[in-house]
Student: 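Right, I'll just put the structure down here and ask away after.
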Amino acid sequence: MSQESSNDKKPTIPPYMKAISGSLGGAVEASCLQPIDVIKTRLQLDRSGNYKGIIHCGSTIVKTEGVRALWKGLTPFATHLTLKYALRMGSNAVFQSAFKDSETGKLSNQGRLMSGFGAGVLEALAIVTPFEVVKIRLQQQKGLSHELLKYKGPIHCARTIIREEGFLGLWAGAAPTVMRNGTNQAAMFTAKNAFDVLLWKKHEGDGRVLQPWQSMISGFLAGTAGPVCTGPFDVVKTRLMAQSREGGELKYKGMVHAIRTIYAEEGLLALWKGLLPRLMRIPPGQAIMWAVADQIIGLYERRSLHIAPS
């Protein structure tokens, strides 16, 4: 490769900086949006129609369990988001480096999709599934008395699951989680880059730092498609993670069996239960995360790579 072609390549942000930017963005997102996640989980687990909608569900939780109940599971959720975004952003950067053209340093749309899908699969298996099993088990518990709750906290919950269901109990619902996260991240990374270029003429490595509101708009739009496409995977994931062997056999035997059972017993639309709160949580969550991450990455580009805005 010639020195000229090497110089033509855009400077790249190292994966560890992407990981740091994602983890900080995830911590801010978790703190802001946990109540919507609690409501989404309760709606998805509601088979008897106790909750009439998002507002009714939220007000019922506050009335019967107190305001703090809307932040149930925050510790595993915040830890989970921080680690998940660090792994997602870092691994996506590694995959993108691998898929870049060795001569030009450019990344094709197919390469971007594959990088996002790989990052989604990796985060689903390494982080998302066990953390969400614990989070969902904690969120589905109803009541005010700490003594009457089966799970006293995230550590106790994880230990109880391992003792009663084995170590693999923490990976209940892994298949739909892999499908959901892989598809989501393939779409999200591709869409975020496309919206940055289309709306703001922003290219990675050009030294420009988007304003937080610009990052929020791109992130919000990029985060809308995934929930609609992956709704059934999310519902099935939640049902599989929530069930335990206590009191008999498992109702759902796996991803395909769960989809068939839910469709037969509750109808087609039940596979998109909780879609509205997902749309209320994921796009705003992406908006918050990218507003933080883009500022950190942009600052690194200008200070460490010494790239002047083009």
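One is the number of the first residue; the rest follow in order along the sequence. This structure is a prediction, so every number in the text was calculated from the model and none was measured.
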Student: Kindly indicate whether the side chain of Val235, heavy atoms from C-beta on, has any atom under 4.5 Å from the side chain of Trp272.
Tutor: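 Sidechains of Trp272 and Val235: no contact.
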
Student: For a quick test of reading the model, state the closest non-hydrogen atom pair linking Pro35 to Cys32 and the distance between them.
Tutor: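 It is CD-O, 4.1 Å.
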
Student: Are Glu123 and Tyr85 close enough that a side-chain donor and a side-chain acceptor fall under 3.5 Å?
Tutor: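 Their side chains do not contain a donor-acceptor pair, so the 3.5 Å distance test is not met.
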
Student: Taking Glu132 first and then Lys84, would you say they form a salt bridge - that is, a charged N and a carboxylate O separated by under 4.0 Å?
Tutor: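 Answer for the salt bridge query: no.
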
Student: Under 3.5 Å, side chain of Gln295 to main-chain N/O of Val292, donor-acceptor pair present?
Tutor: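 Flag not set: sc Gln295 to bb Val292 has no pair under 3.5 Å.
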
Student: How far apart are the closest heavy atoms of Pro232 and Cys229, and which atoms are they?
Tutor: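 Looking at all heavy atoms of both residues, the shortest contact is CD-O, 4.3 Å.
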
Student: Salt-bridge test for Glu164 and Lys150: reply yes if a basic N is under 4.0 Å from a carboxylate O, no otherwise.
Tutor: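 Looking at Glu164 and Lys150, the cut-off is met.
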
Student: Any chance you could lay out the side-chain contact (heavy atoms from CB on, under 4.5 Å) test for Lys251 and Glu265, step after step, and finish with the verdict?
Tutor: CA-CA 12 Å; Lys251 178 180 176 69; Glu265 294 181 354; 3.1 Å; yes

Student: Examine distances only and state if a side-chain atom of Lys52 and a backbone atom of Gly49 form a donor-acceptor pair shorter than 3.5 Å.
Tutor: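 Flag set: sc Lys52 to bb Gly49 pair under 3.5 Å.
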
Student: I'd like to know if Lys135 and Asp37 make a salt bridge, using a cut-off of under 4.0 Å between side-chain N and carboxylate O.
Tutor: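 Yes, Lys135 and Asp37 are salt-bridged.
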
Student: With a 4.5 Å cut-off on side-chain heavy atoms, are Phe189 and Ser115 touching?
Tutor: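 SC-SC contact between Ser115 and Phe189 ruled out.
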
Student: Are side-chain N/O atoms of Ser218 and Asp196 paired as donor and acceptor at under 3.5 Å?
Tutor: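 The criterion, which ignores hydrogens and geometry beyond distance, is satisfied for Asp196 and Ser218.
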
Student: Any chance you could measure Lys237, atom NZ, to Thr129, atom OG1, to the nearest 0.5 Å?
Tutor: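 The OG1 atom of Thr129 is 8.0 Å from NZ of Lys237, to the nearest 0.5 Å.
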
Student: Look at the side chain of Trp200 and the backbone N and O of Gln214, then say whether any donor-acceptor pair between them is shorter than 3.5 Å.
Tutor: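 Yes.
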
Student: Okay, side chain of Gln140, backbone of Thr41: is any donor-acceptor separation there less than 3.5 Å?
Tutor: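 Not confirmed, Gln140 side chain does not pair with Thr41 backbone.
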
Student: With a 4.0 Å cut-off, would you call Asp46 and Arg42 a salt bridge?
Tutor: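 No, no charged N to carboxylate O under 4.0 Å.
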
Student: Counting C-beta onward and ignoring hydrogens, is there a side-chain heavy-atom pair between Val128 and Arg180 closer than 4.5 Å?
Tutor: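 They are in side-chain contact.
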
Student: Looking only at side-chain N and O atoms, does Asp234 offer a donor or acceptor that is under 3.5 Å from a partner on Gln44?
Tutor: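 The answer is yes; a qualifying pair exists.
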
Student: A quick test of your reading: do over 12 heavy atoms of other residues, nucleotides or ligands sit less than 6.0 Å from CG of Leu269?
Tutor: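 No, because the 6.0 Å sphere around CG of Leu269 holds 12 heavy atoms or fewer from other groups.
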
Student: I need the Leu221 CG to Met216 CE distance, nearest 0.5 Å.
Tutor: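 That separation rounds to 12.0 Å.
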
Student: For atom CZ of Arg159, is the number of surrounding heavy atoms from other residues, nucleotides or ligands below 6.0 Å larger than 12?
Tutor: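 Count not over threshold, so no.
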
Student: Please report the interatomic distance SG(Cys157) to CD1(Ile155), rounded to the nearest 0.5 Å.
Tutor: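 Nearest 0.5 Å value for the SG-CD1 distance: 9.5 Å.
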
Student: With clusters defined by side-chain heavy atoms of hydrophobic residues (ILVMFWY) lying less than 4.5 Å apart, directly or transitively, does Leu33 cluster with Leu276?
Tutor: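 Yes, because Leu276 and Leu33 connect within a single hydrophobic cluster, where side-chain heavy atoms sit under 4.5 Å apart.
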
Student: For Trp290 and Trp213, I'd like to know if the aromatic rings sit close, meaning centre-to-centre distance below 6.0 Å.
Tutor: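 When the ring centroids of Trp290 and Trp213 are compared, they turn out to be at least 6.0 Å apart.
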
Student: If you define the side chain from C-beta out and look only at heavy atoms, does anything of Tyr300 sit under 4.5 Å from Ser21?
Tutor: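 In short, these two side chains do not touch, never coming nearer than 4.5 Å.
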
Student: Same hydrophobic cluster for Leu275 and Ile54, using side-chain heavy-atom links shorter than 4.5 Å among ILVMFWY?
Tutor: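 No: no chain of side-chain contacts under 4.5 Å links Leu275 to Ile54.
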
Student: Treating Ile, Leu, Val, Met, Phe, Trp and Tyr as nodes and any side-chain heavy-atom pair under 4.5 angstrom as an edge, say whether Val178 and Leu240 lie in one connected cluster.
Tutor: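 No, no single cluster joins them.
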
Student: Main chain of Lys72, side chain of Gln34: is a donor-acceptor contact present, judged purely on distance under 3.5 Å?
Tutor: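 It does hold such a pair.
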
Student: Specify the closest pair of heavy atoms between Asn50 and Ser48, including all atoms of both residues, with the distance to one decimal.
Tutor: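 Heavy atoms only, the tightest pair is ND2-OG, 3.2 Å.
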
Student: Hydrophobic cluster membership, with links at side-chain heavy-atom distances under 4.5 Å among I/L/V/M/F/W/Y: are Ile297 and Met17 in one?
Tutor: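 Hydrophobic grouping puts Ile297 with Met17.
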
Student: In the hydrophobic cluster built from side-chain contacts under 4.5 Å, what are the other members alongside Ile136?
Tutor: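 Result for Ile136 is Leu45, Val133, Val134, Leu138, Tyr151, Ile161, Ile162, Phe167, Leu170, Trp171, Met241.
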
Student: With distance as the sole test, does Thr230 use its side chain to make a donor-acceptor pair with the main-chain N or O of Phe233 at under 3.5 Å?
Tutor: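 Here the side-chain-to-backbone pair does not exist.
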
Student: Do the side chains of Arg302 and Arg208 get nearer than 4.5 Å, heavy atoms only?
Tutor: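 They are not in contact (no side-chain heavy atoms under 4.5 Å apart), so the answer is no.
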
Student: With the side chain counted from C-beta on, respond yes when Phe99 and Gln110 share a heavy-atom pair under 4.5 Å apart, and no when they do not.
Tutor: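 Phe99 does not reach Gln110 side chain to side chain.
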
Student: Do Asn181 and Met188 touch side chain to side chain, with heavy atoms closer than 4.5 Å?
Tutor: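 A side-chain contact under 4.5 Å is absent here.
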
Student: Would you name the heavy atoms of Ala126 and Pro130 that are closest together and state the gap between them?
Tutor: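 Scanning both residues completely, I find the closest heavy atoms to be O-CG, 4.3 Å.
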
Student: I would like to know whether Arg112 and Gln96 meet side-chain contact (heavy atoms from CB on, under 4.5 Å); could you show each step before the answer?
Tutor: CA-CA 6 Å; Arg112 198 177 298 279; Gln96 285 193 356; 3.6 Å; yes

Student: Closer than 3.5 angstrom, by distance alone: can the side chain of Glu301 be matched with the main-chain N or O of Val209 as a donor-acceptor pair?
Tutor: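 Looks like no, no N/O pair under 3.5 Å.
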
Student: Please confirm whether the backbone N or O of Ile36 pairs with a side-chain atom of Arg281, one donor and one acceptor, at under 3.5 Å?
Tutor: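 Such a contact is absent between Arg281 side chain and Ile36 backbone.
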
Student: Under 4.0 Å between a side-chain nitrogen and a carboxylate oxygen: does that hold for Glu266 and Arg239?
Tutor: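 A salt bridge is present here (some side-chain N lies under 4.0 Å from a carboxylate O).
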
Student: Would you compute the distance between atom CZ of Phe131 and atom OG1 of Thr82 and round it to the nearest 0.5 angstrom?
Tutor: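 Reported value, rounded in 0.5 Å steps: 9.5 Å.
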
Student: What is the distance from atom CZ of Phe117 to atom CG of Asn184, rounded to the nearest 0.5 Å?
Tutor: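 Reported to 0.5 Å precision, the distance equals 10.5 Å.
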
Student: Evaluate the side-chain contact (heavy atoms from CB on, under 4.5 Å) criterion for residues Asn109 and Leu113: first the C-alpha distance (whole Å), next the side-chain angles of each, then the deciding distance (0.1 Å), finally the verdict.
Tutor: CA-CA 6 Å; Asn109 287 331; Leu113 278 168; 5.6 Å; no

Student: For the hydrophobic clusters of this structure (ILVMFWY residues joined by side-chain heavy atoms under 4.5 Å, transitively), does one cluster hold both Met89 and Val28?
Tutor: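 Shared cluster, yes.
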
Student: Do Phe220 and Thr224 have side-chain heavy atoms sitting under 4.5 Å apart?
Tutor: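 Yes, close enough: below the 4.5 Å cut-off.
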
Student: Run the side-chain contact (heavy atoms from CB on, under 4.5 Å) test on Tyr252 and Gln243 for me, step by step, so that the C-alpha distance in whole Å, both residues' side-chain angles and the decisive distance to 0.1 Å come before the verdict.
Tutor: CA-CA 8 Å; Tyr252 306 115; Gln243 66 179 356; 3.6 Å; yes

Student: For Ser91 and Ala119, work out which heavy atoms get closest and say how close.
Tutor: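 What the structure gives for the nearest pair is OG-CB, 3.4 Å.
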
